[in-house]
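Reading through the structure tokens given below for one structure.
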Amino acid sequence: MGRRSWIGVAILVPILAIVGWFVRPPRNPSRSPTADQTAHAVTSTVPWGGASPRPSNLPIGPIQLRDVTDETGITFRHTDGSGGHHYDPETVTSGLALFDFDGDGWIDIYFPNGAPLPGSKADTTPRHALYRNRGDWTFEDVSEASGVLCTAFGLGATAADYDNDGDLDFYVSNYGPKVLFRNNGDGTFQEVTQEAGVADGDRLGAGVAFLDVDRDGLLDLFVANYMKFSYDKHFVVFRDGYPEYPGPKAYPPDRHSLYRNLGDGTFADITDASGIAQHPGKGMGIVCADYDRDGDTDIFVLNDVFQNFCFENDGYGNFEEVALANGFKYNSEGMALGSMGVDCGDYDNDGWLDFYQTSYHRELPVLFRNLGNGLLEDVTVGTGAGQGTLNNVKWGCGFVDFDNDGWRDLFVAMGHLQDLIDHYDETSSYRAKNVLLWNDGQGRFVDVTDRAGDGMLPVFSSRGAAFEDLDNDGDVDVVILNARDRPTVLRNMYYESGGRNHWLQILLRGVKTNRDGVGAQVRVVAGGLKQIAEVHSGRGYQSHWGLRLHFGLGPHDHVDRIEVRWIGGGTDIVENVPINRLAIIVEGHGIAEQPSFFVPRQ
Amino acid sequence: MVQPITVRLSRVVKPLESRWQLAALLAALLSALAVAAAVVWHRGAADRSFKRALAALDARQFELVQRELARLDGIAGFEPHRHFLRGTVLLAGGQCFAALEEFGRCVDHPELRVRTLILSGQALYRVKRFRDAVGLLVQALEADPQAADAYACLAAAYDDLGLLNEAFQAWSRLAELRPDDFYPHRMMGLRCKDFERWESAVPMYQEALQRQPPQPDRNEILLEMAECQIRLQRWEEALGTLAQCFPSPQRWTKEAECHLSAGRLDEAQQLLDRSLQHSPVDLSALLLAGTLALQQGKGEAAVAAWQRAAIAYPREYVVHYKLSQAFRRLGKEAEAKRHADLAEELRQVRLEFSQLHATAAAEPDNADVRCRLGVLAKQLDRSDLARGWFHAALSINPRHAEALQHLTGQARQASKP
């Protein structure tokens, strides 16, 4: 070869090496978007053309979320009731609930709302809102028509069929008396709080959950309370001349409450008898789960700047607080955090439910890996589960498989609670971008926030986040409640972007056990992919979602086996289940016919 | 030039009747001139002596200062200078109150005022009378807004009062007045780090490094900056910073932490082994060694590492917390409970210690709170901190019996062979 040829080779080799690196085949094909998918995403579905606010030139990530809020017709605006006095309850409102209240197969949205606190001036009375999903990405405000108008200072909400009559009821946690709405089965509700006996006094509520504590087939109710806030003891602290919320250290802890469902529409307060009363706390998010797979549901309570609680159930509704013993009490450094929201899910597919808790500014969230022997281990740093979250307060969170590859990703809602922090801390801000961490299937999370579409661009002070398949297309969408602002609705564009992974959703119908299968654990085996999930009523940051279980299946084109372990019941096994659909499994009867409302797009 | 004088002299001497009278007059004039010259010379010498003393002070050559001070003795009009120098020497010798007395006698001298105010501020700072120090330093800066020394001490005083914003303003001004000095940026970086503002700390440290700090400051700054980068989970960036540090157990431990967090367990193990070989009871290294062992599924090794830490640091909360968790994983419930109980006890002490800091800041004249902080510091095995708090209590109430008792006890303990 002549000199020119050598020069040509010298130029070409590095270019080819770089090109080769970019086009190299992925190690695990199902973990990366296909070339088609990427091309499709770039050309047609990701609205990043021209002078759009694309954050950087990063390649398209495996998850694409699109902000469709403006198209939904949702006009709800959240208020925290603030009037410049900096009362602590303002900072913690609120979560939200996603559930199919009218049984039409489309998941609806309930937004709790704040209410004017002393000194606050409001032109109109803010109210909570129930939005009916029309199935075409538009939603209709049916709060009035359905009879759920509520103007109390709302914080959390959860839903379940507590009376086993075939429709979803819901419970709202307020500052002041809480409210139970019983579903009339015709799209309307009746408020039955007093009859049921679950108003829970005038406490400042937080996360709430239905669970069957004694395995009698009736859903009981756990109510976390934040603290004994009072206007008399309120004071404002100043930082650099700016008023700040004093925070939970300024007030004593309050008791959490447990109500046993008596089956006749009423509940009995068993807080003392169950052992819960011995442990007052500063409750925020909660989740109930059978983490040790001993056949009963345990209760996990996050307490703000206070130790976490794990109330372990003896199967009969008697609880022992074991968080120190099982590792849930503190993070790996033995520190109690400014704990906010908590979700559980099996992120590493080892058959045990893991936990993810969010936390305050400059604290990492905590990913607790379930070791399977009744112990939880903080693996946050090693897994990268705290990336991108350090400089702000973290609230709603969820283990959600957004790209249906069979590995649960993490979504974290962000935003500071100090509304003037932008003035005196250049490292943080009241409004912040949410964070999306993609599970690489190898035990690590990758921060894909800036590569996940325009859905991750909005900057709000988010609180609750909830995750459901709102358009029944087989991928999970997101709704976020933003403090002092409109909510955000994010449409998962996985299939619109050319994604090809398969999925299965499972809705349980209890017969002897509670009708929604709350507390039941489901194991899905598709080839080498084995996943578990549990039905929860109440999770994340004072929120509710997920009565319909969702399993991404990656490239597996059928499900070999599904095992359902009913709480307080037996185990059902169904085999060779078709995919890309909603499977309704009835206790003791196997799979029911696919409902007509569900028309998968694949 | 001579002629006119002669003429004038002739006019003066005209009325005189004898030569003797003329001679006497001339002698008187010459004497007056000599006295004036002597006075001028003497004052000049005193001035030069004072300047030499100041230079010697800057060079911390206190014998020379004493010598110049002796030369100034008895020179009229130099009493304030002597007080100033005496005060300065006393201050350098740690006799702050005696120094303040001397400064009190020269602070009104217009030439010495600014310096005296600054040194008095420094003396008050040393005896932990931070608010008083601030008062004098602010006066000094009103008289001379370019007084860099005043800003340096003012920043330190604000810092100790917990007035971080004011401290930052003073350090920023100091950085403007001394653009080549790394110190103000280093301090701002350090405080950002202490207050967990790691994002802000890193650029401060970078500014400090640009000003070419001497060793060992440069090494310390690099280590502190790497710690911030680790907190920010920027492992590779931290490794880059650490690569510029001297090889040391501290560096290797931090490098190990980066590798461990990035999932490179083998590299982490090698570095930790090296670190512990050189510094077998380094707390950070031992804690990390246990964590690494757990990640490798070696529960016994984790316990062994943390037990070594518990022996070296018996009152360290996190060690006992981690041990309780590790023993539980090994199924050793009794051991787990023992460490869990101890951890809980220490946690309560830490909690009270932390809460009382806020009380102490809010109540600057509360000697009891400071004494209690000293007691808690002792319980946490931090005799250095304890001593500081007992002294702080005594500076408010010199007869505080409990603080005196604890300090005496500590001194007795320290004198034991």
Side-chain angles (χ1 to χ4, degrees), chain A residues 237-242 246 249-250 305-307 322-336 360-365 368-369 371-392 423-429 440 442-445 447, chain B residues 163-166 168 192 195-203 230-235 257-258 260-265 268 287 290-292 294-295 297 299 316-331 333 336-337 339-341 343-344 346-347 350-351 354-355 358 362:
Chain A
V237 290
F238 285 86
R239 172 82 64 92
D240 300 352
Y242 294 99
K249 282 185 176 171
V305 200
F306 202 84
Q307 67 226 33
V322 298
L324 183 61
N326 72 11
F328 187 68
K329 190 168 186 172
Y330 306 120
N331 70 0
S332 63
E333 300 305 306
M335 305 302 294
Y360 197 62
H361 179 193
R362 296 197 190 105
E363 295 172 345
L364 281 180
F368 290 102
R369 181 168 171 256
L371 302 179
N373 54 357
L375 296 177
L376 303 169
E377 182 187 16
D378 175 352
V379 294
T380 315
V381 174
T383 56
Q387 293 169 83
T389 66
L390 195 65
N391 281 333
N392 220 303
H423 293 282
Y424 53 84
D425 185 344
E426 71 288 355
T427 66
S428 195
S429 54
D440 74 353
Q442 311 290 321
R444 287 189 76 88
F445 289 90
D447 185 352
Chain B
L163 301 171
L164 210 60
N165 266 359
E166 286 80 352
F168 266 65
C192 286
F195 283 83
E196 301 183 345
R197 293 189 177 188
W198 303 298
E199 199 94 54
S200 308
V202 172
I230 289 171
R231 297 286 173 211
L232 290 165
Q233 300 188 282
R234 299 183 197 153
W235 322 121
E257 189 174 354
C258 293
L260 176 62
S261 305
R264 297 185 290 266
L265 305 194
L287 287 173
T291 306
L292 175 60
L294 268 195
Q295 284 207 18
E316 186 62 44
Y317 162 74
V318 72
V319 172
H320 293 288
Y321 177 74
K322 283 176 181 282
L323 267 174
S324 73
Q325 297 296 308
F327 274 121
R328 217 157 251 134
R329 281 177 71 159
L330 294 174
E333 281 303 319
K337 187 175 180 319
H339 286 286
D341 290 347
E344 190 54 30
L346 291 169
R347 201 179 72 85
R350 278 166 49 127
L351 206 62
S354 150
Q355 284 164 352

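Residue numbers begin at 1 in each chain, while the letters A, B, ... track the order of the sequences.
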Given a strict heavy-atom distance threshold of 4.5 Å, which part of Leu375(A) is in contact with chain B: side chain, backbone, both, or neither?
side chain
Max heavy-atom pair count under 4.5 Å with chain B, selected residue of Gly327(A), Ser428(A), Ala325(A)
Ala325(A)
Say whether, by atom type as modelled, one donor and one acceptor occur between the side chain of Tyr330(A) and the main chain of Tyr321(B) under 3.5 angstrom.
no
Residue part contacting chain A, namely of Gln355(B), when any heavy atom lies under 4.5 Å
neither
Using heavy-atom distances under 4.5 Å, tell me whether Glu333(A) contacts chain B through its side chain, its backbone, both, or neither.
both
Proximity breakdown for Phe327(B) and chain A, heavy-atom pairs closer than 4.5 Å
neither
Given that the side chain runs from C-beta out, which part of Glu363(A) has a heavy atom under 4.5 Å from chain B: side chain, backbone, both or neither?
neither
Check: Ser332(A) main-chain N/O paired with Lys322(B) side-chain donor or acceptor under 3.5 Å:
yes
Largest heavy-atom contact set with chain B, pairs under 4.5 Å, which of Thr427(A), Val379(A), Asn373(A), Asp240(A):
Asp240(A)
Rounded to the nearest 0.5 Å, what separates atom CD in Gln387(A) from atom CG in Leu232(B)?
12.5 Å
Stepwise side chain to side chain contact (heavy atoms under 4.5 Å, CB included) check, Arg231(B) with Arg362(A):
CA-CA 9 Å; Arg231(B) 297 286 173 211; Arg362(A) 296 197 190 105; over 6 Å; no
Please round to the nearest 0.5 Å and tell me the distance separating atom OG of Ser324(B) and atom NZ of Lys329(A).
9.5 Å
Counting heavy-atom pairs under 4.5 angstrom with chain A, the leader among Glu196(B), Gln325(B), Arg197(B) is Arg197(B)
Take Trp198(B) and Leu390(A), measure what side chain to side chain contact (heavy atoms under 4.5 Å, CB included) needs, and give me the verdict at the end.
CA-CA 10 Å; Trp198(B) 303 298; Leu390(A) 195 65; 3.7 Å; yes
Sole residue of Thr380(A), Leu364(A), Thr389(A) in side chain to side chain contact (heavy atoms under 4.5 Å, CB included) with Gln233(B):
Leu364(A)
The interface call for Ala343(B) against chain A, heavy-atom contacts under 4.5 Å, is neither
Sort Arg239(A) into side chain, backbone, both or neither according to what part of it lies under 4.5 angstrom from a heavy atom of chain B.
side chain
Given a strict heavy-atom distance threshold of 4.5 Å, which part of Leu287(B) is in contact with chain A: side chain, backbone, both, or neither?
neither
Leading residue by heavy atom contact count with chain A [cutoff under 4.5 Å; candidates Arg350(B), Glu166(B), Arg347(B), Gln295(B)]
Arg347(B)
To the nearest 0.5 Å, what is the distance between CZ on Arg328(B) and CG on Leu371(A)?
13.0 Å
